[in-house]
Number of protein chains: 2
Amino acid sequence: MTKRETLNVRLERFYAEARKAGLRITPQRLAIFKLVAGSVSHPGAEEIHRQLRRSFPMISLDTVYRTLWKLADLGLVSALGQERIQLRFDANQNRHQHFTCKRCGLIRDFTNARLSALGIPSEAAQFGQAEDLRVEVRGVCSACLRKKAPGEGKNNNSKPKTSSIRRRT
Amino acid sequence: MTKRETLNVRLERFYAEARKAGLRITPQRLAIFKLVAGSVSHPGAEEIHRQLRRSFPMISLDTVYRTLWKLADLGLVSALGQERIQLRFDANQNRHQHFTCKRCGLIRDFTNARLSALGIPSEAAQFGQAEDLRVEVRGVCSACLRKKAPGEGKNNNSKPKTSSIRRRT
DNA sequence: TCCTAAATAAGAATCATTACTATCTAATAA
DNA sequence: TTATTAGATAGTAATGATTCTTATTTAGGA
Ligand SMILES: [Mn+2]
Ligand SMILES: [Mn+2]
Ligand SMILES: [Zn+2]
Ligand SMILES: [Zn+2]
């Protein structure tokens with residue numbers, strides 16, 4: 001699949017999902033999605049904002065963020081890194097894996113023999129010198145499941161204000 | 001190994017590494033390391049600070065951060081999450097893996113069949129509902145390798161000021 | 001074309017983290 | 001034991017990414 005074909009497939013999905021969700025297709029939103037969908041660099045919000053200023057000199061950074069999170073809600077993009085903002089520290093230097101709760105930020109250790117045995121994949125070498133491999137299982141912890149297990153509409157719009165966790169999903 | 005034994009092993013290492021690196025063992029540093037080493041919750045700096053106020057009412061948040069990074073430099077703790085601070089977005093919704101440069105924050109996609117085939121490990125279930133598994137290879141990208149390949153003392157103290165990346169390692 | 005809920009721009013606010021600086025102290029040697 | 005001093009700390013200001021607030025604009029349906 002060429003780069004152009006990939007972009008088109010993603011755009012189709014964008015239109016389809018946006019329509020399904022009753023999301024307005026503004027020029028800003030379209031431009032933001034196109035930029036991310038056509039990029040291989042996993043850009044951050046500032047970078048996207050800087051690029052888009054060329055065609056939308058007045059676009060605000062806030063719009064970029066709002067749009068990206070909307071797209072994430074629709075499953076059209078993913079947020080990388082963490083969604084939690086605080087750094088977390090770990091004194092366990094044995095090889096192990098983490099379970100992370102995407103709601104409250106809980107992190108717990110576990111050890112799985114198969115995962116611990118994984119070597120650095122050869123594909124990584126093309127980008128530079130690989131040093132280690134991290135495996136993270138993401139989900140929702142037992143405590144958070146208990147909190148509001150039932151009654152979750154597909155579009156959970158509880159305003160999160162500012163907790164340790166920046167966003168849902 | 002009991003919890004107490006684990007803590008003692010870690011403390012041994014702390015003293016050994018600190019001595020080796022000529023690091024002063026202050027009451028604050030010892031307390032910070034003990035707290036992290038005795039915890040299973042991967043605490044953040046604020047949390048550590050709050051706990052330590054009980055025994056050191058005057059301890060500053062800055063000391064907590066400085067100490068944690070020092071410990072990280074010595075390989076006694078790891079920083080989780082990302083060291084990059086900016087969120088990054090990804091429109092590739094096919095299963096794939098990432099290579100991440102710990103110096104400049106570059107992120108690139110790759111696909112490894114074995115990694116893509118990994119299922120959620122059973123050990124994760126004890127913590128709640130697991131949803132997905134992320135694999136990240138961390139290292140140094142080609143461009144960064146070129147920049148200052150030689151002449152790196154073991155303790156690279158270039159002041160990082162504030163770039164997109166918060167820290168080395 | 002008109003209406004209205006949703007989206008935007010602008011800028012203030014927040015929060016985690018880092019920087020600055022005056023003081024303090026652990027480690028060493030006299 | 002005391003003096004010395006490089007390294008560490010507390011306190012506080014600064015920074016930078018992200019989110020919030022509000023007045024204005026607009027997409028899309030009637
Ligand atoms: Mn851990
Ligand atoms: Mn990707
Ligand atoms: Zn949780
Ligand atoms: Zn790099």
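As the structure is a prediction and not an experimental result, all values here were calculated from the model. Within every chain, numbering begins at 1; the chains are lettered A, B, ... in the order of the sequence lines, protein sequences first and strands thereafter.
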Exercise. At under 4.0 Å, does any side-chain N or O of Thr26(B) touch on OP1 or OP2 of dT9(D)?
Worked result: yes
Problem set entry | Donor-acceptor contact present, side-chain Arg88(B) to main-chain His42(A), <3.5 Å | yes
Exercise. Does the Glu17(B) side chain pair with the main chain of Leu76(B), one donor and one acceptor, at a distance under 3.5 Å?
Worked result: no
Exercise. Do Arg66(A) and dA7(C) have a side chain to base donor-acceptor pair shorter than 3.5 Å?
Worked result: no
Exercise. For dA10(D), does OP1 or OP2 lie under 4.0 Å from any side-chain N or O of Thr63(B)?
Worked result: yes
Exercise. Counting only N and O atoms by type, is there a donor-acceptor contact under 3.5 Å from the side chain of Thr63(B) to the main-chain atoms of Ile59(B)?
Worked result: no
For this session: Check every strand shown and say whether Leu61(B) touches a base, only sugar-phosphate, or nothing at a heavy-atom separation below 4.0 Å.
Result: base
Exercise. Among dA10(C), dT19(D), dT17(C), which is the nearest nucleotide to the side chain of Glu46(B)?
Worked result: dT17(C)
Seminar exercise, completed: Of Gly44(A) and Pro27(A), the one whose closest nucleotide on DNA chain D sits nearer the 5' end is Gly44(A)
For this session: Starting from P on dA17(D), measure out to CZ on Arg88(B) and report it in whole angstrom.
Result: 12 Å
Exercise. Could you give the OH-to-P distance, from Tyr15(B) to dA26(C), as a whole number of Å?
Worked result: 14 Å
Seminar exercise, completed: To the nearest angstrom, the CG-C1' distance between Leu23(B) and dA27(C) comes to 13 Å
Problem set entry | Arg95(A), CZ: over 12 other non-hydrogen atoms inside 6.0 angstrom | yes
Problem set entry | Interatomic distance where CZ belongs to Arg29(B) and P belongs to dG7(D) [whole Å] | 11 Å
Problem set entry | Distance in angstrom units between Gln28(B) CD and dT23(C) C1', rounded | 14 Å
Exercise. How many Å lie between CD1 on Ile25(A) and C1' on dG29(D), as a whole number?
Worked result: 15 Å
For this session: Round to a whole Å and report the spacing from CG of Leu52(B) to P of dT9(D).
Result: 12 Å
Seminar exercise, completed: Side-chain atoms of Arg24(B) come closest, of dA10(D), dA9(C), dA26(C), to dA26(C)
Exercise. Which residue, Thr111(A), Asp90(A), Asn112(A), forms the side-chain hydrogen bond (donor to acceptor under 3.5 Å, both in side chains) with His96(A)?
Worked result: Asp90(A)
Problem set entry | Whole angstrom value for the distance that separates C1' of dA17(D) from CD1 of Ile48(A) | 14 Å
Problem set entry | Under 4.0 angstrom between Trp69(B) side-chain N/O and dT17(C) OP1 or OP2 | no
